[in-house]
Protein chains: 2
Amino acid sequence: MSISNGDDAEKAEGPIRQRRRAGEQVRMTDVAARAGVSVMSVSRAIRDPERVSPKIRARVEKAMRETGYVPNALASSLASQRTRIVAAIVPFINASFGDTIRGITDVLHPSGYELLIGETGHSMQVEERLTNAFLSHRVDGLLLTGHSHTQGVRERLRNLKVPVVETWNLTDEPMDQIVGFSNYEAARAMTRYLIGQGRRHIGYLGGITKDNDRATDRERGYIDEMTVADLPCDRSLRSYRKLEFRHGGEGCEELLERHPDIDAIFAASDMLAVGALFRCIKRGIAVPDDIAIAGFDDSDISSAIHPALTTVRVPRYEMGSRAAQMLLQRLDTDEETYGQKVVDLGFEILIRDST
Amino acid sequence: MSISNGDDAEKAEGPIRQRRRAGEQVRMTDVAARAGVSVMSVSRAIRDPERVSPKIRARVEKAMRETGYVPNALASSLASQRTRIVAAIVPFINASFGDTIRGITDVLHPSGYELLIGETGHSMQVEERLTNAFLSHRVDGLLLTGHSHTQGVRERLRNLKVPVVETWNLTDEPMDQIVGFSNYEAARAMTRYLIGQGRRHIGYLGGITKDNDRATDRERGYIDEMTVADLPCDRSLRSYRKLEFRHGGEGCEELLERHPDIDAIFAASDMLAVGALFRCIKRGIAVPDDIAIAGFDDSDISSAIHPALTTVRVPRYEMGSRAAQMLLQRLDTDEETYGQKVVDLGFEILIRDST
DNA sequence: TTCATTTCTGTTAGCGATATCATACGGGCG
DNA sequence: CGCCCGTATGATATCGCTAACAGAAATGAA
C-alpha cells in the first residue's frame, strides 16, 4: 500500500457527494459482499457458471436470491461492448410480419438475445429515425425489411460496421446479407399462371410502391410477364391501395369500372384479394368463372374463405428465423466469416378455387 | 497531491493495457476535443441546446456532423439512471395488438422514448422471462396485457417500483394502473343482445382460457348472462379454440354436432366468428336466419365480409395510447402523482348483418 | 518433497456518458 | 470603480459492470 493516511483523511473531510441512486437497487457489489466473494466471482457465476467452483457458485446463487438481485444489462453492455440485443425494423406490425418476428425471436431467445422492434409505417424517413435510435442503443445487429433504404441509413450502417441482414426480398447487391424470396419472380410466376389459364385481361391490384421495393418488384413482375405475353397492362389496369380489406373492394370497383371486361385480378396481397373477392361476390360476379382472383402471401384467411384463394406462399417465418441465424453466426463467432450474402428461400404458387 | 513519484514511475513502467474497443467508435470526448469545448458542453448541447451559448452549440453540431458521432445511449442511461425505454408485453403480435402497439409508439416517440416489445404466446412463464429480461435492461416503465401474472412478476415489479400499466381488461385491484374495457361486461352485453333478438340456444366459441384473463372474463360474461336468462350454457355449448380462422370452422362443427338446434354462436374473437360464418355458409346454413353469429374485436375483416359481422368494438388503439400517456405522465414528472388507477375506455356493440 | 502447470479468485482500470460542484464571465448597481 | 449575483462552462467523481492481468490455490510430475 502507499503511504496514504493523509489522503484518507482528506477524502473523509471532503464534501460528501450524495448522488441520486435508484430506489433500492441491489448491485453486484452487494451480492458479492453478502456471499463473501469478489464481484468478479459473482459476474462469472452469472455469465459462465462452469468457470467458478461449485462452492462459490452456491453462495452466489444464495446471495442473489436473498437480495433479489437483478443484473444491470446496461452496465454489462457498456463494459463488454455488446448488448445482446438485435433490432428488427418492419413496415407494419401485422400477422404477416408477426410470423417473421416469431421466426426471429424463436432463434434469438434461446441464445440469450433480445429483440427490439421498430415499425416504419412504410416510411423510409421513419426507418432512418429508428435506425439511429437503435444504433444509439448499440444493438449488436440489425434486421431490415427490403433492400431500399435512405442514403443516410446506408452510410451509418457501413461506417459503424454493424451486421445487417435484409429480408423479404432479394437483390444482387445487399447492404450486407439478405434472405428472402424474389418478389419479382413470384409476381411473374403468378401472372404467367393466370395467362396459362387463358386469362387475357388481367388487372393488377397492388400496394403503394413508394418506399416499398417489394410492392415495386411485384408490379414489375406483373408488367414484364404481361408484356412478354403481349397483353395489355397499362396504368389503367393497375390500382394501388393500402393493404386493407376495404381498399381491396374499392380497387376492385375501380378496375371494373375502367375495364368491365377484365377476366382476372392479380392482387399483390391477400388482404386486397379477399376484399376484391367479396366485392365481386356481392356484385354477383362469379369467381372464378367470370373473374379469376389471385392473391399474394398465403395469409391465414386465404384458405378459409369460399372460394379458397389462389395465392403465393412466401416463407414468412423462415425469413425471420434464417435471418436471425445468419446474424447470430456472425455475432457468436469472432471471425468475420459468414456464408452466402444472398439466401433465396423461394416461394410457391398455391392453386386453389379462385382461379 | 500525495507523494507519489514512485507510484507514477511504477505506473509508467507497468504493462500497457490495451483494451478491446469497438471499431472506430466516436466518443463524446472526441467531439469535445474537435469542437474545442468540454464534454459537458457537448452533453448539454445534445440534450438541452437552450442551455449552451449559440456559439458553442454551433461548434458542437459541426463537430458531431464531421465525426459522425452517434451518442451512446447505454452510457447515458447508466449515468443518468433512466433509459427512456418502455417495454410492452403482448400475448401475440397480430393486427389487434398491432393497433395497440401503434397507439403506444405514437405517444412514446414524440417524447423520445423507445418501445421494447415482447410476445408471450399466451404463456405466463414466458411473460415472467420477458419481464426479467426487460427489468435487467432497466426499462423506465412496463405495459402489460391483462391483469393475471405470475407471483414472481408481481413481486419483482413491486420491489423494483417500476411504473406498470396493465391493458386490455379491467380489475379493481390492478398491480399499479390499468386501462381498458370490461371484457366481462362486453360479453354480457353481447349475450344479452342475442337473447333480446329471440335467440335461445346460444353456443359459445371462445379462446383458450389458460393464462388469459380476457378469455376467462368473456366466458364468464356469457355464462352469467345466460344463467340470468335461465338459458342453457353448459360445457357442451362451449368450445375453446386458438384464435385462427380454421379453428373457428372446427369449433362451429363441434357445436353443430353436439347441438344441431343452436340458433346463435357468440365467438369471443372475430377470427373465430368469421371461420364459423364461412363454415355455416359452406354447409348451407343461413346466417343470420338459421344461426346468428356474433364476434368480438371489430377487426378489419368483420365489416368486409358478407354478411357483415355483428361484433364488439374495443378501443384497441386508445388502450395503447392512453396507457403510454399514463406512463409518461409519471415518468416525466418528478412527483409520484398520478391520476386514476383504473381507466375504463368502454366498448361498443356493433350490430350488423350476421345477427 | 519440490517445482512447474493448470485452475480459481481477486485487483484494478476502464466502458462513455451525466450529476454535482467549482469557477469564470458579464452586466447592473451603489 | 469595485462588488454582487445570475449564467455559462469546466473539472471530476461516479453509474454498475467486465476485460485484463496478477496472485493464490490446487494439481501433477519428477
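We use all heavy atoms of the structure for the numbers below, so side chains are in, but hydrogens, waters and symmetry mates are not. By convention in this document, chain letters (A, B, ...) are assigned in the order of the sequence lines, proteins followed by strands, and residues within each chain are numbered from 1.
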A:Q25 CD to D:dT14 C1', straight-line distance once rounded to whole Å: 14 Å
Selected nucleotide, minimal atom distance to A:Q81 side chain, candidates C:dA17, C:dG16, C:dG14: C:dG16
Among D:dT9, D:dT18, D:dG16, the nucleotide that comes nearest once only the side chain of A:V39 is considered: D:dT18
Presence of B:S43 side-chain N/O under 4.0 Å of C:dA17 phosphate oxygens OP1/OP2: no
Sugar-phosphate, base or nothing in reach of B:L74, heavy atoms under 4.0 Å: nothing
C:dA17 OP1/OP2 closer than 4.0 Å to side-chain N/O of B:S77: no
B:R47 side chain, from C-beta outward: closest of C:dC15, C:dT18, D:dT18: C:dT18
B:R84 side-chain N/O to C:dA17 phosphate OP1/OP2 under 4.0 Å: no
Touch class at under 4.0 angstrom, heavy-atom based, for A:R44 against every strand present: base
Integer-rounded Å distance: D:dG10 C1' and B:R51 CZ: 13 Å
Integer-rounded Å distance: C:dG14 C1' and B:R27 CZ: 11 Å
Listed nucleotide nearest any side-chain atom of B:N72, set C:dG10, C:dT18, C:dG16: C:dG16
d(CD1, B:I46; P, C:dT18) in whole Å: 7 Å
N/O donor-acceptor pair under 3.5 Å between A:D140 side chain and A:V86 backbone: no
Nearest-neighbour nucleotide for the B:S80 side chain, D:dC17, D:dT9, C:dA19 considered: C:dA19
Donor-acceptor contact below 3.5 Å, side chain A:S76 vs main chain A:N72: no
Protein-nucleotide distance (B:R82, atom CZ; C:dA17, atom C1'), rounded to Å: 15 Å
Positive for side chain to side chain donor-acceptor pair (under 3.5 Å) with A:H149, one of A:E128, A:R156, A:E127: A:E127
D:dA11 phosphate, OP1 or OP2, under 4.0 Å from B:S38 side-chain N/O: no
B:M40, nearest nucleotide to its side chain (from D:dG10, D:dA20, C:dC15): D:dG10
A:A75 side-chain proximity, nearest of C:dG10, D:dC17, D:dG10: D:dC17
N or O in side chain of B:S53 less than 4.0 angstrom from D:dT9 OP1/OP2: yes
Nearest-angstrom distance from the residue atom NZ of B:K55 to P of C:dA24: 18 Å
Test item: A:S123 side-chain N/O and A:T120 main-chain N/O as donor-acceptor pair under 3.5 Å: no
Nucleotide of D:dG10, C:dA17, C:dT9 approaching B:Y69 most closely (side-chain heavy atoms): C:dA17
Check: A:P49 main-chain N/O paired with A:R57 side-chain donor or acceptor under 3.5 Å: yes
Polar side-chain atom of A:T167 near backbone of A:L144 as donor-acceptor pair, under 3.5 Å: yes
Gap between atoms CD1 and P, on B:I56 and D:dT7 respectively (whole Å): 17 Å
d(CE, B:M28; C1', D:dC15) in whole Å: 15 Å
N/O (side chain, B:S76) to phosphate O (OP1/OP2, C:dG16) under 4.0 Å: no
